[in-house]
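Structure, as structure tokens:
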Number of protein chains: 2
Amino acid sequence: MTEPLDADMFDAMCPSGALPFQIGDKWTEMIVICLADGPRRFTELRVPLGAITPKVLSATLRAMRRDGLVTRTAYDENPPRVEYELTELGRSMLLLIDAVRAWSSQYLPAILAARQASERLDA
Amino acid sequence: MTEPLDADMFDAMCPSGALPFQIGDKWTEMIVICLADGPRRFTELRVPLGAITPKVLSATLRAMRRDGLVTRTAYDENPPRVEYELTELGRSMLLLIDAVRAWSSQYLPAILAARQASERLDA
DNA sequence: CTGAATCCGACTTGATACTG
DNA sequence: CAGTATCAAGTCGGATTCAG
């Protein structure tokens, strides 16, 4: 259920900067996807997110907690362990994220083609 | 079909800043919605967009043209007239925008409530 | 009417280093 | 392990002014 996250899991989504649909800030969508299969630890999330700095991950998770998208559970152990988990509200985003991904796979190539065509006009 | 746009048509959507789904940049979604019923002129678009500056509207439309979302048609008249119209690609976003809006009407209140609850903890 | 040119402040993101 | 503190850089939207 909660196997280790693949460090390359977002590499294939590279042209996401061209996608006209953005979920939250730069990282929210990926974090939601990472948490889809169950709770994850702080460092565990850093693996697939391409060397996100701890400050940014911390800030993003705090904003998501504030909006009720994730919960944070700290275990009083040594070494410390903290787990983040999607709330029902956060989980409700998964369906819409799937819809966005479906739209992307269908239409993103057209956007990239239009972009390259207009680049040729500039030259 | 293309009745004048209401200057208040986006006032009810005010808490859109809290929405975790963003379409393009700040204005792209609203422009797509404004063009849903047919072509619109430059100044016509400025009405419902709450005093968007011409520079920003121009830049947004240029980016949308570059991505193949809208077409621009200039008529050689005096005074000059320019019309923007959704392409098929741009029109394909409408379904997804509807899905985002449906999600919003269902879950955005929960986000706002969670946000207010965490504000009370800060105080 | 439909923009373009310039300047600017605010916000976002990241690099780096440090702590309980 | 799980963050925080500080600093630097880039980007975006906007105000203002001017032009075809």
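All chains are named by letter (A, B, ...) in the order of the sequence lines, taking the proteins before the strands, and each is independently numbered beginning at 1.
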Quick one, Arg46(B) with Glu44(B), criterion salt bridge (Lys or Arg N to Asp or Glu O under 4.0 Å). Give me CA distance, side-chain angles, the key distance, then yes/no.
CA-CA 5 Å; Arg46(B) 296 188 61 182; Glu44(B) 200 174 2; over 6 Å; no
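Distance CG (Leu57(B)) to P (dA15(D)): 14 Å, rounded to an integer number of Å. Look at CG on Asp76(B): it is 16 Å from P on dG20(D), rounded to the nearest Å. Rounded to whole angstrom, the span from the CD1 atom of Ile31(B) across to the C1' atom of dG13(D) amounts to 13 Å.
Listed by first and then second residue, the side-chain hydrogen bond (donor to acceptor under 3.5 Å, both in side chains) pairs involving residues 61-71 of chain A are Ser58(A)-Arg62(A), Asp67(A)-Arg115(B) (not counting sequence neighbours).
Remark: Arg40(B) is not positioned above the aromatic ring of Tyr84(B), lacking an NZ or CZ atom under 6.0 angstrom from the ring centre and at most 45 degrees off the axis.
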Report all side-chain donor-acceptor pairs from residues 104-111 of chain A shorter than 3.5 Å, counting only partners two or more places apart or in another chain.
residue   : atom : partner   : partner atom : Å
Ser104(A) : OG   : Val100(A) : O            : 2.7
Ser105(A) : OG   : Ala102(A) : O            : 2.9

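More than 12 heavy atoms of other shown residues, nucleotides or ligands fall within 6.0 angstrom of atom CD in Glu77(B).
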What string of B, S and - do you get for nucleotides 1-13 of chain C, 5' to 3', if B is base contact, S is sugar-phosphate-only contact and - is no contact with any protein heavy atom under 4.0 Å?
BSBSBBB-----B
